Amino acid sequence: MGTNYSKPTTSINDASNLSNRDPFESFRVPFVDLQEATNNFDDKFLIGVGIFGKVYRGVLRDGTKVALKRRKPESPQGIEEFRTEIEILSHCSHPHLVSLIGYCDERNEMILIYDYMENGNLSKHLYGSDLCLPTVSWEQRLEICIGAARGLDYLHNCAVIHGDVQSTNILIDENFVAKITDFGISKTRPEFDQTHLSTIVQGTLGYLDPEYFIKGRLTEKSDVYSFGVVLFEVLCARPAIGRSHMISLAEWAVETQKMGQLEQIVDPSIVAKIRPESLRMFGETAVKCLASSSENRPSMGDVLWKLEYALHLQEPIIQDNPE
Ligand SMILES: Nc1ncnc2c1ncn2[C@@H]1O[C@H](COP(=O)(O)OP(=O)(O)OP(=O)(O)O)[C@@H](O)[C@H]1O
(Lines give C-alpha, C1' and ligand atoms only; values in the text may rest on other atoms or scores of the structure.)
Protein backbone atom coordinates (compact mmCIF):
# COMPACT_ATOMS: atom_id res chain seq x y z
CA MET A 1 0.00 0.00 0.00
CA GLY A 2 1.27 3.52 -0.83
CA THR A 3 2.37 5.92 1.91
CA ASN A 4 -0.11 8.65 2.78
CA TYR A 5 1.63 12.04 2.58
CA SER A 6 -1.31 14.12 3.85
CA LYS A 7 -0.75 17.51 5.51
CA PRO A 8 -1.08 17.80 9.31
CA THR A 9 -3.77 19.89 10.96
CA THR A 10 -2.12 20.50 14.34
CA SER A 11 0.85 22.71 15.12
CA ILE A 12 4.44 22.11 16.19
CA ASN A 13 5.09 23.91 19.46
CA ASP A 14 8.68 23.11 20.25
CA ALA A 15 11.73 21.56 18.65
CA SER A 16 11.43 18.38 20.71
CA ASN A 17 8.26 17.56 18.77
CA LEU A 18 10.35 16.85 15.75
CA SER A 19 12.40 14.19 17.46
CA ASN A 20 10.32 12.83 20.38
CA ARG A 21 6.57 13.44 20.61
CA ASP A 22 5.70 14.10 17.02
CA PRO A 23 2.13 15.24 16.40
CA PHE A 24 3.02 15.33 12.70
CA GLU A 25 3.46 11.62 12.18
CA SER A 26 1.41 11.65 8.98
CA PHE A 27 3.59 14.56 7.78
CA ARG A 28 6.77 12.59 8.26
CA VAL A 29 8.21 10.76 5.29
CA PRO A 30 10.58 7.80 5.84
CA PHE A 31 14.14 8.36 4.66
CA VAL A 32 14.02 5.19 2.53
CA ASP A 33 11.11 6.68 0.54
CA LEU A 34 13.25 9.72 -0.24
CA GLN A 35 16.21 7.57 -1.24
CA GLU A 36 13.89 5.71 -3.57
CA ALA A 37 12.44 8.96 -4.96
CA THR A 38 15.88 10.33 -5.88
CA ASN A 39 17.84 7.17 -6.71
CA ASN A 40 19.68 7.63 -3.42
CA PHE A 41 20.19 11.38 -3.88
CA ASP A 42 21.82 10.92 -7.25
CA ASP A 43 23.36 14.14 -8.60
CA LYS A 44 21.35 13.56 -11.78
CA PHE A 45 18.32 14.65 -9.73
CA LEU A 46 20.00 17.79 -8.39
CA ILE A 47 18.18 21.03 -9.29
CA GLY A 48 20.06 23.54 -7.18
CA VAL A 49 22.00 24.37 -4.05
CA GLY A 50 21.09 26.97 -1.43
CA ILE A 51 22.28 27.97 2.04
CA PHE A 52 20.32 25.10 3.63
CA GLY A 53 21.66 22.46 1.28
CA LYS A 54 21.12 20.63 -1.99
CA VAL A 55 17.72 20.55 -3.67
CA TYR A 56 16.70 17.41 -5.63
CA ARG A 57 13.68 16.63 -7.73
CA GLY A 58 12.03 13.28 -7.14
CA VAL A 59 8.83 11.28 -7.45
CA LEU A 60 7.22 9.75 -4.36
CA ARG A 61 5.61 6.30 -4.39
CA ASP A 62 2.15 7.81 -4.84
CA GLY A 63 3.38 9.59 -8.00
CA THR A 64 3.69 13.09 -6.46
CA LYS A 65 6.47 15.13 -8.06
CA VAL A 66 8.51 16.74 -5.30
CA ALA A 67 11.52 18.93 -4.57
CA LEU A 68 13.63 17.74 -1.62
CA LYS A 69 15.73 20.21 0.31
CA ARG A 70 18.40 18.27 2.21
CA ARG A 71 20.40 20.09 4.89
CA LYS A 72 24.15 19.98 4.32
CA PRO A 73 26.14 19.39 7.53
CA GLU A 74 28.09 22.65 7.18
CA SER A 75 24.96 24.80 6.66
CA PRO A 76 24.64 27.81 8.96
CA GLN A 77 20.92 27.00 9.02
CA GLY A 78 19.77 24.22 11.31
CA ILE A 79 16.92 22.97 13.49
CA GLU A 80 15.53 26.47 14.06
CA GLU A 81 15.07 27.24 10.37
CA PHE A 82 13.88 23.67 9.71
CA ARG A 83 11.25 23.95 12.43
CA THR A 84 10.16 27.45 11.36
CA GLU A 85 9.62 26.28 7.78
CA ILE A 86 7.45 23.36 8.97
CA GLU A 87 5.53 25.50 11.46
CA ILE A 88 4.71 28.26 8.99
CA LEU A 89 3.79 26.02 6.09
CA SER A 90 1.66 23.75 8.25
CA HIS A 91 -0.36 26.74 9.49
CA CYS A 92 -0.50 28.75 6.29
CA SER A 93 -1.92 27.48 3.05
CA HIS A 94 -2.59 29.65 0.03
CA PRO A 95 -2.52 29.25 -3.77
CA HIS A 96 0.51 31.58 -3.86
CA LEU A 97 2.59 29.83 -1.19
CA VAL A 98 4.54 26.68 -2.05
CA SER A 99 3.06 23.55 -0.41
CA LEU A 100 5.11 21.53 2.04
CA ILE A 101 4.33 17.85 1.58
CA GLY A 102 6.35 16.60 4.49
CA TYR A 103 9.69 16.33 6.18
CA CYS A 104 12.22 13.76 7.30
CA ASP A 105 14.38 13.99 10.42
CA GLU A 106 15.63 10.41 10.65
CA ARG A 107 19.34 9.53 10.92
CA ASN A 108 20.40 13.12 11.75
CA GLU A 109 18.92 14.24 8.43
CA MET A 110 16.81 17.37 7.98
CA ILE A 111 14.92 17.15 4.71
CA LEU A 112 11.99 19.29 3.60
CA ILE A 113 9.68 17.97 0.90
CA TYR A 114 7.78 20.41 -1.29
CA ASP A 115 5.53 20.33 -4.32
CA TYR A 116 7.79 20.43 -7.36
CA MET A 117 7.64 23.74 -9.24
CA GLU A 118 8.18 22.97 -12.90
CA ASN A 119 9.50 26.41 -13.90
CA GLY A 120 11.98 26.95 -11.08
CA ASN A 121 12.51 30.36 -9.59
CA LEU A 122 11.63 33.79 -10.98
CA SER A 123 15.21 35.07 -11.28
CA LYS A 124 16.24 32.49 -13.88
CA HIS A 125 13.47 33.75 -16.20
CA LEU A 126 14.84 37.27 -15.97
CA TYR A 127 18.65 37.08 -16.24
CA GLY A 128 21.79 35.02 -15.85
CA SER A 129 20.37 31.70 -17.03
CA ASP A 130 22.27 29.74 -19.67
CA LEU A 131 19.10 27.83 -20.52
CA CYS A 132 17.96 30.33 -23.21
CA LEU A 133 14.46 30.52 -21.74
CA PRO A 134 11.81 32.36 -23.75
CA THR A 135 11.22 36.00 -22.85
CA VAL A 136 8.48 36.43 -20.26
CA SER A 137 5.98 38.99 -21.52
CA TRP A 138 5.00 42.11 -19.56
CA GLU A 139 1.54 40.66 -18.89
CA GLN A 140 3.07 37.42 -17.54
CA ARG A 141 5.49 39.43 -15.38
CA LEU A 142 2.60 41.42 -13.96
CA GLU A 143 0.64 38.22 -13.23
CA ILE A 144 3.69 36.78 -11.45
CA CYS A 145 4.13 39.96 -9.34
CA ILE A 146 0.40 40.00 -8.54
CA GLY A 147 0.53 36.34 -7.46
CA ALA A 148 3.58 36.92 -5.27
CA ALA A 149 1.96 40.04 -3.76
CA ARG A 150 -1.19 38.00 -2.95
CA GLY A 151 0.94 35.39 -1.19
CA LEU A 152 2.77 38.04 0.86
CA ASP A 153 -0.45 39.90 1.67
CA TYR A 154 -1.93 36.63 2.95
CA LEU A 155 1.17 36.02 5.11
CA HIS A 156 1.01 39.53 6.58
CA ASN A 157 -2.67 39.01 7.39
CA CYS A 158 -1.60 35.88 9.31
CA ALA A 159 0.95 38.04 11.24
CA VAL A 160 3.88 36.36 9.47
CA ILE A 161 6.81 38.40 8.14
CA HIS A 162 8.68 36.49 5.44
CA GLY A 163 12.03 38.18 6.10
CA ASP A 164 13.80 37.05 2.92
CA VAL A 165 11.75 38.18 -0.07
CA GLN A 166 13.86 37.89 -3.24
CA SER A 167 13.37 36.65 -6.80
CA THR A 168 14.90 33.23 -6.06
CA ASN A 169 12.27 32.77 -3.34
CA ILE A 170 9.44 33.18 -5.83
CA LEU A 171 8.86 29.87 -7.61
CA ILE A 172 6.89 29.39 -10.81
CA ASP A 173 4.67 26.33 -11.39
CA GLU A 174 3.75 24.65 -14.68
CA ASN A 175 0.94 27.18 -15.27
CA PHE A 176 3.25 30.10 -14.56
CA VAL A 177 1.62 30.77 -11.20
CA ALA A 178 3.94 32.40 -8.63
CA LYS A 179 4.46 30.75 -5.23
CA ILE A 180 6.40 32.20 -2.31
CA THR A 181 8.91 29.83 -0.71
CA ASP A 182 11.76 29.71 1.85
CA PHE A 183 10.30 30.53 5.26
CA GLY A 184 13.32 29.45 7.31
CA ILE A 185 13.97 32.93 8.70
CA SER A 186 10.34 34.08 8.77
CA LYS A 187 9.00 35.55 11.98
CA THR A 188 5.54 35.48 13.50
CA ARG A 189 4.43 38.55 15.40
CA PRO A 190 3.33 37.34 18.85
CA GLU A 191 0.44 39.82 19.04
CA PHE A 192 -1.51 41.43 16.25
CA ASP A 193 -1.25 44.88 17.87
CA GLN A 194 2.54 44.73 18.13
CA THR A 195 4.02 46.72 15.26
CA HIS A 196 7.50 45.25 15.03
CA LEU A 197 9.90 42.56 16.18
CA SER A 198 13.37 43.33 17.50
CA THR A 199 15.66 40.71 16.04
CA ILE A 200 19.15 39.93 14.75
CA VAL A 201 19.32 41.26 11.20
CA GLN A 202 19.00 38.46 8.62
CA GLY A 203 18.19 38.57 4.94
CA THR A 204 19.90 38.98 1.58
CA LEU A 205 22.18 41.78 0.41
CA GLY A 206 20.51 44.02 -2.14
CA TYR A 207 17.02 43.31 -0.74
CA LEU A 208 17.51 44.31 2.88
CA ASP A 209 15.31 47.11 4.24
CA PRO A 210 17.81 49.83 5.31
CA GLU A 211 15.66 50.80 8.30
CA TYR A 212 15.61 47.19 9.55
CA PHE A 213 19.36 46.98 8.94
CA ILE A 214 20.04 50.06 11.08
CA LYS A 215 17.45 49.62 13.85
CA GLY A 216 17.00 45.82 13.89
CA ARG A 217 13.22 46.33 13.87
CA LEU A 218 11.53 43.89 11.51
CA THR A 219 8.06 44.79 10.23
CA GLU A 220 5.84 43.78 7.30
CA LYS A 221 7.21 46.89 5.60
CA SER A 222 10.63 45.20 5.45
CA ASP A 223 9.02 42.62 3.13
CA VAL A 224 7.46 45.49 1.17
CA TYR A 225 10.92 47.03 0.66
CA SER A 226 12.40 43.72 -0.57
CA PHE A 227 9.41 43.24 -2.85
CA GLY A 228 10.09 46.69 -4.34
CA VAL A 229 13.55 45.42 -5.34
CA VAL A 230 11.91 42.34 -6.94
CA LEU A 231 9.57 44.64 -8.90
CA PHE A 232 12.58 46.44 -10.40
CA GLU A 233 14.32 43.13 -11.15
CA VAL A 234 11.20 42.13 -13.07
CA LEU A 235 11.04 45.44 -14.92
CA CYS A 236 14.73 45.76 -15.76
CA ALA A 237 15.78 42.07 -15.89
CA ARG A 238 18.81 42.86 -13.75
CA PRO A 239 20.01 41.39 -10.44
CA ALA A 240 19.53 43.23 -7.13
CA ILE A 241 23.28 43.79 -6.85
CA GLY A 242 25.38 44.48 -9.93
CA ARG A 243 28.71 42.81 -10.59
CA SER A 244 30.62 45.91 -9.51
CA HIS A 245 28.70 46.17 -6.17
CA MET A 246 29.02 49.96 -6.63
CA ILE A 247 25.32 50.73 -6.58
CA SER A 248 22.32 48.53 -5.87
CA LEU A 249 19.45 48.09 -8.30
CA ALA A 250 17.18 49.79 -5.74
CA GLU A 251 19.30 52.97 -5.58
CA TRP A 252 19.85 53.07 -9.33
CA ALA A 253 16.19 52.49 -10.25
CA VAL A 254 14.87 55.05 -7.74
CA GLU A 255 17.32 57.69 -9.07
CA THR A 256 16.32 56.94 -12.66
CA GLN A 257 12.61 57.12 -11.86
CA LYS A 258 13.13 60.47 -10.07
CA MET A 259 14.82 61.82 -13.21
CA GLY A 260 11.79 60.68 -15.25
CA GLN A 261 13.93 58.24 -17.25
CA LEU A 262 12.52 54.92 -16.13
CA GLU A 263 11.85 53.78 -19.70
CA GLN A 264 15.60 53.79 -20.36
CA ILE A 265 16.28 51.01 -17.89
CA VAL A 266 13.38 48.72 -18.81
CA ASP A 267 14.32 45.26 -20.14
CA PRO A 268 14.92 45.99 -23.87
CA SER A 269 13.13 42.79 -24.87
CA ILE A 270 9.77 44.06 -23.57
CA VAL A 271 10.05 47.86 -23.46
CA ALA A 272 8.21 48.44 -26.75
CA LYS A 273 5.26 46.30 -25.60
CA ILE A 274 4.54 48.12 -22.32
CA ARG A 275 1.81 50.76 -22.33
CA PRO A 276 3.13 54.02 -20.78
CA GLU A 277 0.27 54.18 -18.21
CA SER A 278 0.99 50.64 -17.06
CA LEU A 279 4.71 51.41 -16.77
CA ARG A 280 4.00 54.60 -14.82
CA MET A 281 1.74 52.81 -12.32
CA PHE A 282 4.24 49.98 -11.89
CA GLY A 283 7.25 52.31 -11.51
CA GLU A 284 5.49 54.54 -8.98
CA THR A 285 4.46 51.51 -6.93
CA ALA A 286 7.97 50.03 -6.93
CA VAL A 287 9.48 53.37 -5.86
CA LYS A 288 6.96 53.71 -3.00
CA CYS A 289 7.91 50.23 -1.75
CA LEU A 290 11.53 51.47 -1.58
CA ALA A 291 10.80 54.56 0.55
CA SER A 292 13.59 54.89 3.10
CA SER A 293 11.14 55.31 5.97
CA SER A 294 8.93 52.25 6.45
CA GLU A 295 6.03 54.52 7.40
CA ASN A 296 5.96 55.89 3.87
CA ARG A 297 5.79 52.46 2.24
CA PRO A 298 2.43 51.04 1.17
CA SER A 299 0.96 47.90 2.73
CA MET A 300 1.17 44.68 0.72
CA GLY A 301 -2.58 45.01 0.12
CA ASP A 302 -2.04 48.44 -1.48
CA VAL A 303 0.81 47.09 -3.60
CA LEU A 304 -1.42 44.26 -4.80
CA TRP A 305 -4.18 46.68 -5.75
CA LYS A 306 -1.73 48.93 -7.70
CA LEU A 307 -0.25 45.97 -9.59
CA GLU A 308 -3.71 44.77 -10.56
CA TYR A 309 -4.38 48.27 -11.83
CA ALA A 310 -1.10 48.25 -13.81
CA LEU A 311 -2.30 45.02 -15.46
CA HIS A 312 -5.67 46.59 -16.19
CA LEU A 313 -3.91 49.57 -17.82
CA GLN A 314 -1.99 47.14 -20.03
CA GLU A 315 -5.13 45.42 -21.31
CA PRO A 316 -6.18 46.33 -24.84
CA ILE A 317 -8.87 48.99 -24.96
CA ILE A 318 -12.01 47.46 -26.42
CA GLN A 319 -13.71 50.13 -28.49
CA ASP A 320 -17.36 50.15 -29.44
CA ASN A 321 -17.82 49.27 -33.06
CA PRO A 322 -18.93 52.55 -34.73
CA GLU A 323 -21.85 51.73 -37.02
N1 LIG B 1 9.73 23.42 -4.71
C2 LIG B 1 10.67 23.58 -5.64
N3 LIG B 1 10.46 23.20 -6.92
C4 LIG B 1 11.40 23.38 -7.86
N5 LIG B 1 12.60 23.94 -7.64
C6 LIG B 1 12.87 24.35 -6.38
C7 LIG B 1 11.94 24.19 -5.32
N8 LIG B 1 12.49 24.69 -4.18
C9 LIG B 1 13.70 25.15 -4.52
N10 LIG B 1 13.95 24.94 -5.83
C11 LIG B 1 15.16 25.32 -6.58
O12 LIG B 1 16.30 24.86 -5.90
C13 LIG B 1 17.34 25.82 -5.92
C14 LIG B 1 17.88 26.08 -4.52
O15 LIG B 1 16.84 26.60 -3.74
P16 LIG B 1 17.04 27.13 -2.26
O17 LIG B 1 15.72 27.68 -1.83
O18 LIG B 1 17.64 26.06 -1.43
O19 LIG B 1 18.15 28.23 -2.38
P20 LIG B 1 18.09 29.69 -3.00
O21 LIG B 1 16.77 30.33 -2.69
O22 LIG B 1 18.49 29.61 -4.44
O23 LIG B 1 19.26 30.41 -2.20
P24 LIG B 1 19.29 30.75 -0.64
O25 LIG B 1 19.48 29.48 0.08
O26 LIG B 1 20.47 31.65 -0.56
O27 LIG B 1 17.99 31.42 -0.28
C28 LIG B 1 16.77 27.07 -6.59
O29 LIG B 1 17.22 27.13 -7.92
C30 LIG B 1 15.29 26.85 -6.59
O31 LIG B 1 14.69 27.38 -7.73
Side-chain angles (χ1 to χ4, degrees), residues 5 7 29 34 37-38 41-60 63-78 80-82 84-86 88-90 92-104 109-131 133 136 144 147-148 151-152 161-187 201-208 222-223 226-227 229-230 233-234 239-241:
Y5 301 111
K7 223 175 165 178
V29 182
L34 304 183
T38 58
F41 298 96
D42 189 331
D43 272 353
K44 273 192 220 141
F45 290 73
L46 193 65
I47 48 178
V49 186
I51 294 173
F52 190 77
K54 290 184 175 176
V55 183
Y56 301 84
R57 69 185 153 76
V59 182
L60 297 179
T64 313
K65 276 185 171 182
V66 290
L68 308 178
K69 212 180 262 195
R70 186 185 195 190
R71 183 180 180 269
K72 53 185 176 193
E74 69 278 17
S75 172
Q77 298 192 342
E80 204 179 314
E81 290 79 9
F82 185 64
T84 304
E85 186 91 16
I86 297 168
I88 303 243
L89 284 175
S90 59
C92 306
S93 168
H94 188 270
H96 294 287
L97 300 189
V98 73
S99 293
L100 187 74
I101 288 173
Y103 73 89
C104 172
E109 294 276 355
M110 287 186 214
I111 305 172
L112 296 156
I113 306 144
Y114 304 88
D115 249 347
Y116 180 69
M117 296 292 114
E118 209 74 47
N119 284 302
N121 68 60
L122 170 60
S123 95
K124 78 169 189 186
H125 294 274
L126 299 173
Y127 51 80
S129 170
D130 45 14
L131 299 172
L133 297 168
V136 184
I144 289 168
L152 289 171
I161 304 169
H162 185 282
D164 196 16
V165 175
Q166 51 173 314
S167 56
T168 55
N169 287 341
I170 298 173
L171 299 176
I172 314 283
D173 78 2
E174 73 274 24
N175 300 314
F176 251 72
V177 173
K179 313 246 181 186
I180 304 286
T181 189
D182 242 338
F183 300 86
I185 60 168
S186 298
K187 301 280 184 292
V201 176
Q202 289 172 295
T204 304
L205 210 65
Y207 295 90
L208 210 55
S222 307
D223 282 349
S226 308
F227 191 66
V229 180
V230 172
E233 276 183 276
V234 166
I241 294 274

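Both counts, for ligands and for their atoms, begin at 1 and track the order of listing. We use all heavy atoms of the structure for the numbers below, so side chains are in, but hydrogens, waters and symmetry mates are not. A quick note: this is a predicted structure, and the numbers were derived from the prediction, not measured.
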Val98, any N or O under 3.5 Å of ligand 1 N or O = no

Given side chains that start at C-beta, do those of Asn169 and His162 come closer than 4.5 Å, heavy atoms only?
-> yes

Is the closest N or O pair between Ala67 and ligand 1 shorter than 3.5 Å?
-> no

Protein heavy-atom partner closest to atom 31 (O) of ligand 1 - residue, atom, separation in Å = Asn121 ND2, 3.0 Å

Counting heavy atoms not belonging to Glu118, are there more than 12 under 6.0 Å from its CD?
-> yes

NZ or CZ of Arg71 within 45° of Phe82 ring axis and under 6.0 Å | no

Does ligand 1 have any atom that is closer than 4.0 Å to a heavy atom of Val66?
-> no

Heavy-atom proximity to atom 21 (O) of ligand 1, picking from Leu68, Thr204, Asn169, points to Asn169

Any N or O of Tyr116 closer than 3.5 Å to N or O of ligand 1 | no

List the closest protein heavy-atom neighbour of atom 3 (N) of ligand 1: residue, atom name, distance to the nearest 0.1 Å.
-> Met117 N, 2.9 Å

Contact check, Thr181 vs ligand 1, heavy-atom distance below 4.0 Å = no

Which is closest to atom 10 (N) of ligand 1 by heavy-atom distance: Val49, Asp182, Val55?
-> Val55

Of Ser75, Ser123, Gly50, Gly48, the one whose closest heavy atom lies nearest atom 19 (O) of ligand 1 is Gly50

Between NZ on residue Lys124 and OG1 on residue Thr168, distance to nearest 0.5 Å | 12.5 Å

Crowding at NZ, Lys65 (>12 non-hydrogen neighbours, <6.0 Å) | no

Please determine if Asp115 has a nitrogen or oxygen closer than 3.5 Å to a nitrogen or oxygen of ligand 1.
-> yes

Can you check whether Asp164 has an N/O within less than 3.5 Å of an N/O in ligand 1?
-> no

From Leu112, Ile51, Leu171 - option closest to atom 7 (C) of ligand 1 by heavy atom = Leu171

Which residue holds the protein heavy atom closest to atom 22 (O) of ligand 1, what is that atom called, and what is the gap in Å?
-> Thr168 CB, 4.1 Å

Locate the shortest heavy-atom distance separating Val66 from Val59; write the atom from each residue and the value.
-> CG2-N, 4.4 Å

